[in-house]
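Beneath this line is the structure, given in structure tokens, with notes to follow.
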Amino acid sequence: MIEQTITLANGQHIAYLLEYRTRRTVGLKITQQGLVVHAPKRLMTHQLNQILLEKSAWISNKLALREVNAVDKVQWQHGEHLLLLGQDIELQLLETSAKSILRLDGQRLVLTVKDIDNTEAIAKRIIRWYQQQAYEDFARRVEIFSAKLGVPTPPIALSSAQSRWGSCNSRGQIRLNWRLIQAPPQIINHVVCHELAHLKEMNHSAKFYAVLTQLFPEHAIVEQALKRLSPQLHRL
Ligand SMILES: [Zn+2]
């Protein structure tokens, strides 16, 4: 196998393993090591590159999925690291016989509980807290950007979808994935602006992107950052 690199159509640089075989077509598969390409012996490099470029979307989606599965879920242990608005925060679990309290103290999220080993209860409590933070934060951003766009502030709801960060339905309601509250503000702004732009254009046409670009010029770069961060955001 030969180690190769290629820049995909979306600008993502990836390394892959190339193996020449007696076959007629190019075979692609995603393994533990990443992308493995089986190519016919006579295929020229530029032909292979062309094929890989055409398959860019498939390759990058499959690699991202593999990363999602590779990143460990949060274990709800004392000292574990979590993310909030792109900042690293440390989970501190303290045992108490008194009423359970959850508070953010600088870079530490402190939770006092009766039973430090009841990870299910701890997970529930902290996820509910994340969802509250998410709702307040998203509502504020939606208000700011809808004013900028010149539309009335739409109603919002939180979603917990595994594969979508946001959606906008025909009644003009916006749903945002609460897990986004872990991401840096720019990434949240990007998803908020994308969904708000749908209030003007209910599709992904050139007109839609013109609206989005005016509202949030950095959307293309930030979209890539969101893709890279996705596996981390799914730890919760
Ligand atoms: Zn969209």
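Order of listing sets the numbers, starting from 1, for every ligand and every atom in it.
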Task: Smallest separation among heavy atoms of Leu196 and Pro154, with atom names - done: CD2-CG, 3.7 Å
Task: Residue among Leu28, Asn10, Leu53, Val37 satisfying side chain to side chain contact (heavy atoms under 4.5 Å, CB included) with Ile59 - done: Leu28
Task: Thr213 and His219 side chains, donor-acceptor separation under 3.5 Å - done: yes
TODO: Verify whether one side chain among Ser159 and Arg164 offers a donor that lies under 3.5 Å from an acceptor in the other.
DONE: no
TODO: Indicate whether any N or O donor in one side chain lies under 3.5 Å from an N or O acceptor in the other, for Glu54 and Gln50.
DONE: yes
Open item on the list: Checking the side chain of Gln75 only, and the main-chain atoms of Lys73 only, is there a donor and an acceptor separated by less than 3.5 Å?
Closed with: yes
TODO: Tally every protein N/O/S atom whose distance to the Zn ion (ligand 1) is less than 2.8 Å; waters are neither shown nor counted.
DONE: 3
